[in-house]
Amino acid sequence: VLLAVYVGYVGLGAAVLQALERPAEVQAAQHLLQERWELLANHTCLQGPALQRLIEGIIQAYKSGITLQGNTTSLGRWDYSGSFFFSISAITTIGYGNLSPSTAVGRIFCIVFALVGIPLNLVLLNEIGQLMLLGVQHCACRLEEVFHWQNKASFLMKTCALVTGLLLFLLLPPLLFSDKEGWSYEEGFYYSFITLSTIGFGDYVVGMNPDRTYPSWYKNVISLWILFGMAWLALVIRFCINLLE
């Protein structure tokens with residue numbers, strides 16, 4: 001029965017996503033073909049195969065973190081701060097997919113690094129989650145002692161922890177992303193949940209816009225937000241699991 005519910009839920013999600021996203025995909029494909037034919041028609045010196053090779057080269061370069069800026073290229077995704085952020089996304093299993101090692105040695109190191117880093121990350125997240133839980137329980141005990149509440153104190157503290165976590169990890173960060181990345185609030189909220197839940201599609205990633213200048217503390221703060229936010233969301237998901245079971 002549980003397997004049937006699971007497959008049915010995934011099937012329902014697939015049907016809804018197909019209905020919502022398929023028309024936009026078809027429209028984008030038609031627009032791309034129209035732009036290509038207009039470019040070839042207006043610039044007869046261009047040849048189709050040569051243009052196709054250029055497009056493929058640009059796509060491959062973009063995947064490697066290189067973008068064209070006038071007559072120069074932008075580098076910086078593999079500087080120390082970018083590499084540090086990639087390391088965080090690797091061991092937290094977010095795996096945005098917008099950046100990956102391109103050398104054989106880098107890929108082998110990434111495998112070894114993740115084999116050690118993923119268990120280390122899980123242990124750390126578990127410890128942070130336990131500290132958060134102990135803090136909530138300690139505050140609930142103090143309220144029970146002071147106001148002689150029994151069931152109310154625990155419910156009140158759990159509600160406060162949920163609301164505080166929502167503010168710190170999901171509701172307020174999109175304001176920062178709107179300022180630093182130029183995203184809308186909805187895009188920032190979407191990025192926050194996709195990141196903290198370790199889904200990590202990679203369609204939105206912080207600190208990757210070559211047209212923007214980011215402060216030195218930005219990615220460090222985001223890394224801390226990811227660690228504590230993942231621990232908090234793991235507690236919420238664990239509570240949901242208990243309800244489902």
Side-chain angles (χ1 to χ4, degrees), residues 63-67 74-102 106-107 109-135 161-162 164-238:
K63 290 180 179 179
S64 301
I66 302 171
T67 56
S74 67
L75 299 173
R77 290 193 178 186
W78 284 116
D79 58 8
Y80 187 79
S81 62
S83 301
F84 184 85
F85 192 73
F86 171 80
S87 300
I88 288 287
S89 68
I91 65 174
T92 54
T93 69
I94 295 173
Y96 289 114
N98 69 311
L99 191 62
S100 58
S102 59
R107 289 167 182 164
F109 173 78
C110 188
I111 292 171
V112 177
F113 180 75
L115 280 174
V116 178
I118 291 173
L120 178 63
N121 176 72
L122 292 175
V123 170
L124 176 62
L125 290 182
N126 183 62
E127 289 297 321
I128 293 175
Q130 291 299 322
L131 286 175
M132 289 180 176
L133 197 57
L134 286 174
L162 178 63
T164 302
L166 280 172
L167 286 172
L168 290 178
F169 301 122
L170 289 178
L171 298 180
L172 293 180
L175 299 177
L176 175 65
F177 300 142
S178 297
D179 178 57
K180 300 302 180 184
E181 305 288 343
W183 300 340
S184 66
Y185 185 87
E186 177 270 329
E187 290 172 327
F189 183 83
Y190 167 81
Y191 167 78
S192 299
F193 180 80
I194 292 299
T195 294
L196 297 185
S197 60
T198 71
I199 296 173
F201 289 126
D203 47 353
Y204 291 92
V205 183
V206 297
M208 295 298 177
N209 190 341
D211 298 325
R212 288 183 173 268
T213 302
Y214 300 99
S216 57
W217 52 264
Y218 183 55
K219 285 189 177 180
N220 296 327
V221 170
I222 297 301
S223 299
L224 289 175
W225 166 75
I226 289 175
L227 283 177
F228 286 93
M230 284 179 61
W232 170 80
L233 191 58
L235 291 177
V236 175
I237 292 174
R238 186 184 304 174

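Computed over heavy atoms, backbone and side chain alike; hydrogens, waters and symmetry mates excluded.
Here the side chain of Tyr185 pairs a donor or acceptor atom with the backbone of Leu171 at under 3.5 angstrom.
Distance CE/Met132 to CG/Leu125: 9.5 Å, rounded to 0.5 Å. In this structure, the separation between CD1 on Ile194 and CD1 on Ile94 is 11.0 Å, given to the nearest 0.5 Å. Remark: Leu133 CG to Ile128 CD1 distance equals 13.5 Å, nearest 0.5 Å. The CD1 atom of Ile237 lies 7.5 Å from the OG1 atom of Thr198; values are rounded to the nearest 0.5 Å. Of the inter-residue distances, the one linking Leu235 atom CG with Arg238 atom CZ reads 5.5 Å to the nearest 0.5 angstrom.
Checked against side-chain contact (heavy atoms from CB on, under 4.5 Å), Pro101 has the following partners two or more places apart in sequence or in another chain: Phe86, Arg107, Cys110. For Asn126, there are no side chain to side chain donor-acceptor pair (under 3.5 Å) partners two or more places apart in sequence or in a different chain. Partners of Ser184 under the side chain to side chain donor-acceptor pair (under 3.5 Å) rule, at least two apart in sequence or in another chain, are Glu187. Listed by chain and number, the residues in a side chain to side chain donor-acceptor pair (under 3.5 Å) with Tyr214 are Glu181 (sequence neighbours excluded). For the side chain to side chain donor-acceptor pair (under 3.5 Å) test, no residue two or more places apart in sequence or in another chain qualifies with Ser192.
Looking at heavy atoms from C-beta onward, Phe85 lies in side-chain contact with Tyr96 at the 4.5 angstrom threshold. Side-chain contact between Ile118 and Thr93: present, with at least one pair of heavy atoms (C-beta onward) separated by less than 4.5 Å. Between Leu115 and Ile111 the shortest side-chain heavy-atom distance falls below 4.5 Å. Between Val206 and Lys180 there is no side-chain heavy-atom pair separated by less than 4.5 Å.
Taking the six-membered ring where tryptophan is involved, the planes of Phe177 and Trp183 are tilted, since the angle between them lies from 30° to 60°.
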Can you give the donor-acceptor pairs under 3.5 Å from side chains of residues 220-229 to other protein atoms, not counting sequence neighbours?
unit_1	atom_1	unit_2	atom_2	d
Ser223	OG	Lys219	O	2.8
Trp225	NE1	Phe169	O	3.2

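No side-chain donor-acceptor contact under 3.5 Å links Thr195 and Tyr204.
With Trp232 as reference, Leu162 is the one residue of Thr164, Leu162, Leu168 to meet the side chain to side chain contact (heavy atoms under 4.5 Å, CB included) rule.
In this structure, Met230 and Leu196 approach most closely via the heavy-atom pair CG-O, 3.5 Å.
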